[in-house]
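Here is the naming used below: chain letters follow the sequence lines, and residue numbers restart at 1 for every chain.
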Number of protein chains: 2
Amino acid sequence: MLSISQAAKVTGLSVKSIRHYEQIGLISAPPRSSNEYRYYPESLIKQLHFIKSTKDAGFNLKESKALLNLSEDNERSSADVKEIALQKIEELEARIKQQQTLLASLKKITKQCHGDKTASCPIIDAFVR
Amino acid sequence: MLSISQAAKVTGLSVKSIRHYEQIGLISAPPRSSNEYRYYPESLIKQLHFIKSTKDAGFNLKESKALLNLSEDNERSSADVKEIALQKIEELEARIKQQQTLLASLKKITKQCHGDKTASCPIIDAFVR
DNA sequence: GATTGACCTTACCCCAAGGGTAAAGGTTAT
DNA sequence: ATAACCTTTACCCTTGGGGTAAGGTCAATC
């Protein structure tokens with residue numbers, strides 16, 4: 001049974017995050033020792049590992065929760081999992097595309113700026129219209 | 001002199017945003033009529049337009065503030081403006097790159113999932129480790 | 001036995017950039 | 001006068017925690 005700081009260390013999460021996940025019901029409350037300290041059995045450590053992985057993969061906590069539920073559901077169909085993943089892929093693609101558009105236009109106007117001591121500035125001009 | 005909803009309409013901002021910008025000191029407080037309604041002179045409308053443009057270009061409010069200050073500073077050097085823009089470009093490039101990495105690995109593991117009625121799922125497996 | 005440092009607890013405020021809603025009051029047109 | 005719409009302040013909500021305070025606990029050293 002690991003203490004919360006040990007759980008944080010092995011999972012790569014912060015102590016604060018772990019408490020937070022408990023508070024929002026992402027993981028269930030761990031058992032407490034007589035001094036009210038939280039202690040994490042293997043099953044919870046595994047869940048925390050799982051959440052860390054999904055977070056690293058770009059999912060938010062709500063999605064992590066859904067994935068965690070599916071991971072523990074023996075009756076699941078992989079189609080349900082794949083749907084969540086495909087949705088995230090679409091979302092990522094859209095976000096990337098939008099940022100690429102922003103980047104391109106910002107680069108374009110920035111290139112035209114001399115970047116010297118004079119006040120004349122095409123970047124500012126682009127925003128003034 | 002435009003009312004706040006008229007100001008919102010012409011700038012493309014929301015009423016809520018305009019009040020928010022005032023509250024955080026991004027724009028100065030507009031004059032009020034005897035009934036305490038805010039009224040926006042041309043100068044403020046121009047500032048709001050400017051902020052909308054910078055926001056659309058991907059800058060956050062703090063950066064918008066800095067750019068707005070520079071836009072009104074006759075003593076500015078375009079180098080200062082360009083520095084902010086270049087910084088944002090770097091930031092965008094880094095974010096895009098990171099998301100592309102995420103996207104690539106997510107696509108890779110997702111492709112391996114059959115997405116059928118069986119429980120077997122390489123996506124879940126990737127998160128369990 | 002006492003102290004020290006590291007750990008734990010709850011509870012509160014904070015970030016960005018507003019959205020939503022309520023309660024109250026003002027304006028405009030019919 | 002009444003409806004429809006506008007404005008005001010004020011408060012709570014969002015995401016994913018970070019920071020900090022005040023207090024309790026534990027293990028080790030003196």
Checklist entry - More 5' along DNA chain D: B:Gln6 or A:Ser34, using each one's nearest nucleotide? => result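 In this pair, the answer is B:Gln6.
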Determine: side-chain N/O of [X] to OP1/OP2 of [N], distance under 4.0 Å, yes or no.
| X | N | value |
| --- | --- | --- |
| A:Tyr21 | D:dG17 | yes |
| A:Arg38 | C:dC7 | no |
| B:Ser3 | D:dC6 | no |
| B:Ser5 | D:dC6 | no |
| A:Ser14 | D:dG18 | yes |

Check the distance between [N]'s [atom2] and [X]'s [atom1] and give it to me in whole angstrom.
| X | N | atom1 | atom2 | answer |
| --- | --- | --- | --- | --- |
| A:Lys16 | C:dC13 | NZ | P | 13 Å |
| A:Lys9 | C:dC8 | NZ | P | 10 Å |
| A:Gln23 | C:dC12 | CD | P | 11 Å |
| B:His20 | D:dC12 | NE2 | P | 18 Å |
| B:Glu36 | C:dG26 | CD | C1' | 12 Å |
| B:Tyr39 | D:dT7 | OH | P | 8 Å |
| A:Glu22 | C:dT9 | CD | P | 9 Å |
| A:Tyr40 | C:dC8 | OH | C1' | 11 Å |

Looking at [X] and [Y], would you say the former's side chain and the latter's main chain have a donor-acceptor pair under 3.5 Å?
| X | Y | result |
| --- | --- | --- |
| B:Arg38 | B:Pro30 | no |
| A:Thr11 | A:His49 | no |
| A:Glu90 | A:Gln87 | no |

Options [options], nucleotide nearest the side-chain atoms of [X]:
| X | options | result |
| --- | --- | --- |
| A:Arg19 | C:dT9, C:dG26, C:dG19 | C:dT9 |
| A:Asn35 | D:dC26, C:dT9, C:dT21 | D:dC26 |
| A:Leu61 | D:dG19, D:dG17, C:dT9 | D:dG17 |
| A:Tyr37 | C:dT9, D:dT9, C:dG18 | C:dT9 |

Item to check | Heavy-atom closest contact (B:Arg32 atom, B:Glu22 atom, distance) | outcome: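 Distance-wise, the nearest heavy atoms are NH2-OE2, 3.9 Å.
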Checklist entry - Is B:Ile24 touching bases, backbone alone, or none of the nucleic acid, heavy atoms closer than 4.0 Å? => result nothing
Next on the checklist: Please classify the nucleic acid contact of B:Lys55 as base, sugar-phosphate, or nothing, using heavy-atom distances under 4.0 Å.
Outcome noted: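 Here B:Lys55 touches the backbone only, sparing every base.
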Checklist entry - Same hydrophobic cluster for B:Leu61 and B:Phe59, using side-chain heavy-atom links shorter than 4.5 Å among ILVMFWY? => result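 Linked, B:Leu61 and B:Phe59 end up in one cluster.
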